[in-house]
Every structure is written in C-alpha cells, then in structure tokens.
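Have a look at the structure below, then the notes.
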Amino acid sequence: MTDSLPYQSAAQLAQMSTQQQDQYWMQHAISLAQRGIYTTRPNPNVGCVIVKDGQLLGEGFHPQAGQPHAEVFALNQAGSNSHGATAYVTLEPCAHYGRTPPCALALSKSGVSRVVIACLDPNPLVAGKGVEILTQAGIQVEHGVCETQAAALNRGFLKSMAEGKPYVRLKMASSLDGRTAMASGESKWITGAEARLDVQHWRAISAAVITGVDTVLADDCLLNVRDIPAYVEQAKANLVQPMRIVLDRQGRLPVTAKMLQQPDSVMVMGPFRQDLADLGVLQLPIMALADLLVFLRQNYQFFDIMVEAGATLATAFLQQNLVDELISYVAPTLLGQSARSMFAGELNHMSEQLRFNLIDVTQVGRDLRLRLIPMQETV
C-alpha cells in the first residue's frame, strides 16, 4: 500500500530523521482519510497506519458513520505485530462510547508504544481525553504532525466542535468583468463543463446546500450531487447527498420544482405551507441567517454548508461575515455592463471594501478556481 509514497523501502526510511519519518507516515494516513470524504458525514474523516521498524503493518480509514473507525481497521490488520509499533492517526482517537467503542482504549490495549496524532479533537466528548487514556497506559504521545493538511479534511467538524457553528463555503461563478448572468437572467453556461464537475466535489463534502427561491425560480435547479471527480466507486455508491435548503420568506417555491421530486432531501425556510407538508418537505421557521446556521448545526449536525445563490443572498452572507471560504470560478469571458453583477452590496468608501486572502488558484478546464478566506478587517 506504499506505492504512492515517495520512498519505498525500510532502508530508505532508515536514512530519514524521526521527524521526516513521522511526516511520511502521517501523509499516508491523510491519504487514507481522504477516501472517506464523501461518505463519513457527520463523522470526521480519519486515517490510521501502524508502523514498526519502517514496515507498514496495518492501515485503515473510517468509511461510514456506524462502521469501525480507522484505528480499528489498522489494528486488525496489524494484529499481534502492533506490540512496540507506532500508530499514526490524523485525528485524536475518540474516548467515548458511541456507535463504536473508544479507539483510544483499543490503542491502549494493542501494545503500541507510541501514537502520533495530527490534530487534537475539540469535540467535548474527546478534547484531550483520548490523549489522556493513551498516556495513562504508558504510551508516548505526540501531536501536531502535518496538522494543517489533516485539519483541511475536517474543517467543518473542527469548527463546529470548537465554535458551535458550521463551516460555510460560498460558491460563485462569474465572467472576467464580475458578471453572473445576462440582464435577462440567462446564465447557462458561463463556466465550462470541467468547472461544473468541480462544483460537484464541493457539494459532495457538504451536509447542506443553501440557495434562495429566486435561484430555484430562475434555473429550476436540483443542487444535488450527480457525479464526483474521478474517485473510488465505493465513494460513489455510499455518497451521502446534501440536504437542499431553500430560503423562501414569501412562500413562492412552486410544488412543481424539480428538487421537490425528492422532497425528503429538501428543507424550506419560510411561512408554513400545507402543500409542502403534504409532500413531506421539512419546513423551518423564518430566522436570521446567523441563527439558521447555528440551528442547522445544533439540530441536524450540519458541519459543512455550501451556499449557491444569486447576488442578493450571496452578498448577505458576505456582509454579515458568515462566509468562511469563498470559492470563485472565473470564466475567460466578458458579459458587459448590463449583465448582472456577482455582488449586490452598496459600498461608498474604500474603507468598506471586503478583502480576502487568496489561498489557492487552480485552472479547471478553461476557467480559474480561486479559493479565498475573508479577512476580518476592512481597509
């Protein structure tokens, strides 16, 4: 299972420092954790490897909620060979009984002498308790190895556990001149097929996709996951579809909307409607956007939320500082000054501008994908 790693033999690994070896094996654990990114919700993505004398003895990842955790798969593979070995885990082993027993306890009884952890778990049920179980068993514990890469796999889970709020990604697609549609509303398609496929990935890692009723009325969109970029078939078979949430304060959503063909995966925030209730659509009372996000996290364990909406709702999320990450697809085209703008905010001074830190630029087909983190301070 080490074919994808840059070093192949124990002899080569022996030439590396302990720190380098830790990073090497943790990178492998991270690659394992990535196999569950579309299927583990609401559980985090976790990978684990068991190593002794430069040899990989066992490995595993958490595939689905209710199934064994990564550590269990790795320990089962390693068997009695785990005595004196090192376990590399991308997230602090759980310390509580849920649908599965505590992984920290399993590791403490396995005979491993050392556990290396990428990220500590802010979940109040864990939050250092996993490390405590291991250290009390006489196991050497280290953490922080490849922490940034491992944390990127579980941004929503980590933020939700630490702050009680989900991680919000706002997706936008525009022309070079910042336009999202013609004045008539025509918008298919600004970006190319590759960019639209890339969007499927971000939907697939989200517990919910929020949109406004105007977007549904204009596009009769589904906002579900229909494909995912080249990934394992197991992920496609077990993929957890996101909930579609329509903000409809005036009760304008037609019962003929395509997304209502699967009503059990649709929520509508708006005035109560009997016709939606008859379809089985879950209806939410009208509330502020910030309150809605907390409500979804507390009541439904929605840790990652994606917003795909028109300029009005997107602007509201941005101006209320509710966006953790902006994913902007920019097409190499110009639509002109009469086309609809991607941002509907009314700003009169340079000090009011919204600024972002650019964290990634990737060409996707003919388009560019920019990933940006909003800066808290205005200029």
Side-chain angles (χ1 to χ4, degrees), residues 36-45 62 64-67 91 94 96-100 121-127 154-171 202-213 215-216 222-225 238-251 253 257 259-260 262-309 313 316-317 320-325:
I37 61 172
Y38 299 133
T39 60
T40 63
R41 199 161 58 240
N43 289 1
N45 304 296
H62 181 47
Q64 275 185 299
Q67 293 191 18
L91 184 68
C94 60
H96 61 289
Y97 285 90
R99 296 168 72 176
T100 58
D121 190 344
N123 183 347
L125 295 174
V126 184
N154 295 301
R155 293 192 191 281
F157 177 84
L158 294 173
K159 181 187 177 184
S160 292
M161 291 302 167
E163 302 178 26
K165 296 180 289 187
Y167 188 89
V168 177
R169 296 177 177 90
L170 170 62
K171 169 258 174 181
W202 301 105
R203 284 183 192 167
I205 66 172
S206 301
V209 177
I210 293 178
T211 194
V213 68
T215 297
V216 180
L222 290 170
L223 297 180
N224 60 355
V225 180
N238 298 311
L239 184 143
V240 182
Q241 286 283 349
M243 184 68 68
R244 283 84 52 82
I245 303 176
V246 182
L247 307 190
D248 183 20
R249 295 175 183 272
Q250 296 178 343
L253 179 67
M259 67 168 56
L260 292 181
Q262 293 84 37
D264 58 337
S265 62
V266 177
M267 291 181 176
V268 177
M269 186 188 83
F272 177 80
R273 291 170 50 183
Q274 189 60 50
D275 53 355
L276 294 181
D278 292 341
L279 288 175
V281 174
L282 182 60
Q283 299 182 68
L284 306 178
I286 296 174
M287 63 187 87
L289 294 180
D291 295 335
L292 173 64
L293 294 175
V294 174
F295 179 85
L296 294 173
R297 183 262 180 263
Q298 291 181 345
N299 292 277
Y300 298 100
Q301 291 187 294
F302 289 174
F303 301 150
D304 290 88
I305 290 179
M306 186 169 178
V307 178
E308 292 191 61
L313 185 55
F317 269 90
Q320 293 179 39
N321 296 318
L322 301 176
V323 176
D324 294 291
E325 181 176 340

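Please read these numbers as outputs of a predicted model, since none were measured by experiment. Both backbone and side-chain heavy atoms feed into the values below; hydrogens, waters and symmetry mates do not.
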What pair of heavy atoms forms the shortest contact from [X] to [Y], and how long is it?
X: P242; Y: V225; value: CD-CG2, 3.7 Å
X: I305; Y: P166; value: CD1-CG, 3.8 Å
X: L91; Y: P44; value: CD2-CG, 3.6 Å
X: A316; Y: L289; value: CB-CD1, 3.9 Å
X: R297; Y: M161; value: NH2-SD, 3.7 Å

Would you check if the side chain of [X] reaches a backbone N or O of [Y] as a donor-acceptor pair within less than 3.5 Å?
X: T211; Y: E308; value: yes
X: N299; Y: F295; value: yes
X: R41; Y: A65; value: no
X: Q298; Y: G164; value: no
X: D248; Y: G270; value: no
X: R244; Y: A208; value: no

Is the shortest heavy-atom distance from the side chain of [X] to the side chain of [Y] under 4.5 Å?
X: V281; Y: M267; value: no
X: L293; Y: F317; value: yes
X: M306; Y: I205; value: no
X: L260; Y: L276; value: yes
X: P271; Y: I286; value: yes
X: D324; Y: L170; value: no
X: V268; Y: L284; value: no
X: V323; Y: V307; value: no

- [ ] Might you work through the side chain to side chain contact (heavy atoms under 4.5 Å, CB included) test for L223 and V209, ending with a clear yes or no?
- [x] CA-CA 7 Å; L223 297 180; V209 177; 4.1 Å; yes
What's the spacing between [X] [atom1] and [Y] [atom2] if we round to 0.5 Å?
X: L296; Y: S160; atom1: CG; atom2: OG; answer: 10.5 Å
X: M243; Y: F302; atom1: CE; atom2: CZ; answer: 4.5 Å
X: D291; Y: M269; atom1: CG; atom2: CE; answer: 10.0 Å
X: L158; Y: F303; atom1: CG; atom2: CZ; answer: 10.5 Å
X: L239; Y: R203; atom1: CG; atom2: CZ; answer: 12.0 Å
X: I210; Y: I245; atom1: CD1; atom2: CD1; answer: 5.0 Å

Open item on the list: So for atom NZ, which belongs to K159, do other residues, nucleotides or ligands contribute more than 12 heavy atoms lying within a distance under 6.0 Å?
Closed with: yes
Task: Heavy atoms of other groups near Q250 CD, more than 12 under 6.0 Å - done: no
Open item on the list: Looking only at the side chains, is there a donor atom on one of T40 and N45 sitting less than 3.5 Å from an acceptor on the other?
Closed with: yes
TODO: Give the intermediate values and the outcome of side chain to side chain contact (heavy atoms under 4.5 Å, CB included) for residues M259 and V216.
DONE: CA-CA 9 Å; M259 67 168 56; V216 180; 4.0 Å; yes
Task: Basic-acidic side-chain contact under 4.0 Å: D304, R169 - done: yes
